Amino acid sequence: MGARGRDSRKLDRGLMRLGPSEQRDAAIRRAVRQIPRGKVATYAQVAAAAGYPRHHRQVVQVLRKSGDALPWQRVVGAGGEIRLRLDAAHEQRTRLEMEGVRFRGKRVAMDEHQHVFRTWEFD
DNA sequence: ATCCTGACCCAAG
DNA sequence: GCTTGGGCCAGGA
């Protein structure tokens with residue numbers, strides 16, 4: 001069987017063909033990588049920027065899988081709230097503060113650090 | 001197929 | 001502020 005056989009996703013013109021969920025996860029990873037140091041975005045915003053508006057929960061799964069390969073600390077809950085528990089939450093806050101992110105109470109000062117994903121390119 | 005879980009979100013009260 | 005309920009989606013058992 002050729003490239004079109006049982007494992008048709010194997011390759012196509014030398015490129016790995018991704019299934020729907022893999023393509024989605026890849027888009028999510030790209031979006032997360034776009035957040036610069038000192039800025040943050042919410043799970044929902046990342047999902048939307050990736051092109052999957054209602055998949056905020058999947059963003060969590062992707063971050064868990066990726067580990068330190070992504071700047072996971074830059075993704076927070078709605079309103080700038082940290083949603084991790086205990087130690088993990090503390091680590092996220094520390095990492096963000098280390099990047100210069102300021103907090104007001106328990107949440108990120110979103111008016112200063114909200115990353116706005118670019119939707120249109122200007123030329 | 002069903003049930004459960006999760007680094008979620010949001011409108012209500 | 002906080003709690004609750006419903007909605008959302010995908011993975012794993």
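Order of the sequence lines sets the chain letters (A, B, ...), proteins ahead of strands, with each chain counted from 1. Just so it is clear, the model here is predicted, and its values are computed rather than measured.
Looking at A/R102, its side chain never comes within 3.5 Å of a backbone N or O of A/A109 through a donor-acceptor pair. Between the side chain of A/K39 and the main chain of A/V116, no donor-acceptor pair closer than 3.5 Å is present. When atom types are taken as modelled, the side chain of A/E99 and the backbone of A/R37 share no donor-acceptor pair closer than 3.5 angstrom. A/T42 places a side-chain N or O within 3.5 Å of a backbone atom of A/Q45 that can act as its donor or acceptor partner.
Looking at A/E97 and A/R93, a side-chain N of the basic residue comes within less than 4.0 Å of a carboxylate O on the acidic one, giving a salt bridge.
Side-chain contact between A/V75 and A/V40: absent, with no pair of heavy atoms (C-beta onward) separated by less than 4.5 Å. A 4.5 Å side-chain heavy-atom check between A/Y52 and A/D25 finds every atom pair outside the cut-off. Within the 4.5 Å cutoff, side-chain heavy atoms of A/R104 are placed close to those of A/D111.
A heavy atom closer than 4.0 Å to some atom of DNA chain B occurs in A/G77, A/A78, these being the qualifying members of residues 75-82 of chain A.
Within the model, atoms CZ of A/R24 and CZ of A/R29 stand 10.0 Å from one another, a figure rounded to the nearest 0.5 Å.
Residue-level contact check: A/Q58 touches the backbone only, with heavy atoms under 4.0 Å from sugar-phosphate atoms and none from bases. Nucleic acid contact class of A/R57 (heavy atoms, under 4.0 Å, all strands): base.
The number of heavy-atom neighbours closer than 6.0 Å to CZ of A/R33, taken from other residues, nucleotides and ligands shown, is above 12.
First and last contacting nucleotides of DNA chain B toward chain A (any atom under 4.0 angstrom from a heavy atom, 5' to 3' order): B/dG6 to B/dC10. You can see that DNA chain C meets the heavy atoms of chain A within a 4.0 Å-exclusive cut from C/dG7 to C/dG11, reading 5' to 3'.
Of the two residues contacting DNA chain C, namely A/D25 and A/H56, the nearest-nucleotide position lying further toward the 5' end is that of A/H56.
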